[in-house]
Enquirer: 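After the structure tokens below, expect a handful of questions from me.
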Amino acid sequence: MCGIVGAIAERNVVPILMEGLRRLEYRGYDSAGIAVLNGTARLKRLRTVGKVKMLQEAIEADPTHGKIGIAHTRWATHGVPSERNAHPHISHDGLAIVHNGIIENHEELREDLRKLGYKFTSETDTEVIAHRVHHHMQAQKDLFKAVRATVSELEGAYALAVVSETEPERIILAREGCPVVVGLGVDENFVASDVAALL
Ligand code: GLU
């Protein structure tokens, strides 16, 4: 189980997310990724295998900025360490999720989603959560309610953070059996797997 960082601010959060990931490196990981909603509320994602430094280089090569975003260091439990298994995972382009932990009933949820027409691009248990949230959004039309409906279906341990183009001013968090801390600032708020990333 590895690291999550999230930030929502009036300034570019990419440097904050990257600094948070660097401070979580001590926990160990095999890949890293970031997703931000940029000025036009379009979701942009970058993922790399290996060190956070590689992700930093990818960001320098492809300038990325936004006022709301989530980032992750992954310790693979379901699916090999690879770029396509790295987080954040996306459903239908506009919704992104980072997750620490293990979803034990991911296979039955995946089967249900396949019947509903969802296509999977990774072998992770996490991608199942992204598509479940997207699925619940069709009925709930509210990201918080859709995440709440999704977590009521999950068995296992998780800390997760979700952003969506449909609600570009919110990060939704949920946790069960995995730590996550929230940092409240002045006009900006943060989330991380541990205090080291917030200090
Ligand atoms: N189970 C998830 C995966 O394999 C999350 C692993 C983690 O906590 O980093 O992608």
Side-chain angles (χ1 to χ4, degrees), residues 1-7 17-36 43 45-56 58 69-92 95-114 118-135 147 150-164 171-182 190-198:
M1 293 185 195
C2 244
I4 286 178
V5 192
L17 296 173
M18 293 306 295
E19 180 60 23
L21 289 187
R22 280 190 280 274
R23 293 184 192 199
L24 295 175
E25 280 191 292
Y26 76 93
R27 296 159 70 102
Y29 62 100
D30 53 61
S31 51
I34 187 169
V36 294
L43 190 76
R45 170 177 69 169
L46 286 173
R47 301 178 293 174
T48 51
V49 176
K51 294 289 166 199
V52 169
K53 198 168 159 284
M54 315 288 284
L55 183 62
Q56 185 64 47
I70 53 178
H72 189 260
T73 46
R74 175 175 188 241
W75 187 304
T77 65
H78 293 67
V80 295
S82 65
E83 188 177 323
R84 77 197 168 95
N85 285 336
H87 301 211
H89 286 286
I90 285 182
S91 184
H92 290 76
L95 186 145
I97 176 171
V98 289
H99 161 232
N100 286 164
I102 292 175
I103 303 307
E104 277 152 19
N105 59 337
H106 70 100
E107 263 164 24
E108 68 190 68
L109 293 172
R110 188 185 312 264
E111 240 2 87
D112 265 17
L113 286 163
R114 281 212 172 99
Y118 284 87
K119 302 259 183 294
F120 287 81
T121 59
S122 80
E123 294 126 32
T124 64
D125 48 344
T126 303
E127 192 181 357
V128 167
I129 311 175
H131 295 317
R132 288 311 291 183
V133 174
H134 180 270
H135 170 62
V147 172
T150 300
V151 296
S152 72
E153 302 169 331
L154 302 180
E155 286 166 21
Y158 52 82
L160 54 92
V162 186
V163 293
S164 172
I171 298 178
I172 309 296
L173 305 175
R175 68 172 285 267
E176 173 71 50
C178 286
V180 71
V181 288
V182 174
F190 310 97
V191 49
S193 322
D194 75 26
V195 174
L198 292 186

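The shown structure was predicted, so the numbers you read here are calculated from the model rather than taken from an experiment. Side chains included, hydrogens not; waters and symmetry mates left out as well; all remaining heavy atoms used. Just so you know, ligand 1 is whichever comes first in the structure, and atom 1 is the first atom listed for that ligand.
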Enquirer: Would Gly79 count as a contact residue for ligand 1, given that I'm defining contact as a non-hydrogen atom of the residue lying under 4.0 Å from a ligand atom?
Expert: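 No; Gly79 lies far enough from ligand 1 that no heavy-atom distance drops under 4.0 Å.
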Enquirer: Which of the numbered atoms in ligand 1 are under 4.0 angstrom from any heavy atom belonging to Asn100?
Expert: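 Per the distance check, 8 (O).
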Enquirer: Report the part of Thr126 in contact with ligand 1, treating N, CA, C, O as backbone and CB onward as side chain, heavy atoms under 4.0 Å; options are side chain, backbone, both, neither.
Expert: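 Side chain only; the backbone of Thr126 stays clear of ligand 1.
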Enquirer: Gly101 to ligand 1: N or O pair under 3.5 Å?
Expert: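 Yes - when backbone and side-chain N and O of Gly101 are compared with those of ligand 1, one distance drops under 3.5 Å.
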Enquirer: Is Thr124 close to ligand 1, meaning an N/O of one under 3.5 Å from an N/O of the other?
Expert: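 No.
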Enquirer: Which residues pass the ring pair (Phe, Tyr, Trp, His ring centres under 6.0 Å) test with His72, not counting sequence neighbours?
Expert: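 For His72 the ring pair (Phe, Tyr, Trp, His ring centres under 6.0 Å) partners, ignoring immediate neighbours, are His87.
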Enquirer: Closer than 4.0 Å to some heavy atom of Trp75 - which atoms of ligand 1 meet that?
Expert: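 In order of number, 6 (C), 7 (C), 9 (O).
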Enquirer: Using 4.0 Å as the upper bound for N to carboxylate O, is an ion pair formed by Arg22 and Glu19?
Expert: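 The answer is yes: the pair qualifies as a salt bridge.
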Enquirer: I want to know if ligand 1 touches Asp125 in the polar sense, i.e. an N/O pair below 3.5 angstrom.
Expert: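 Such a contact does occur with ligand 1.
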Enquirer: With sequence neighbours left out, what residues match Ala192 under side-chain contact (heavy atoms from CB on, under 4.5 Å)?
Expert: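 Only Val181, Ala197, Leu198 meet the side-chain contact (heavy atoms from CB on, under 4.5 Å) criterion with Ala192.
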Enquirer: Give a yes or no on whether a salt bridge exists between Arg114 and Glu111, defined as a side-chain N under 4.0 angstrom from a carboxylate O.
Expert: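 Judged by the 4.0 Å cut-off on N to carboxylate O distance, Arg114 and Glu111 do form a salt bridge.
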Enquirer: Will you find, in the side chains of Asp125 and Tyr158, an N or O donor that is under 3.5 Å from an N or O acceptor?
Expert: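 No, Tyr158 and Asp125 have no side-chain donor paired with an acceptor closer than 3.5 Å.
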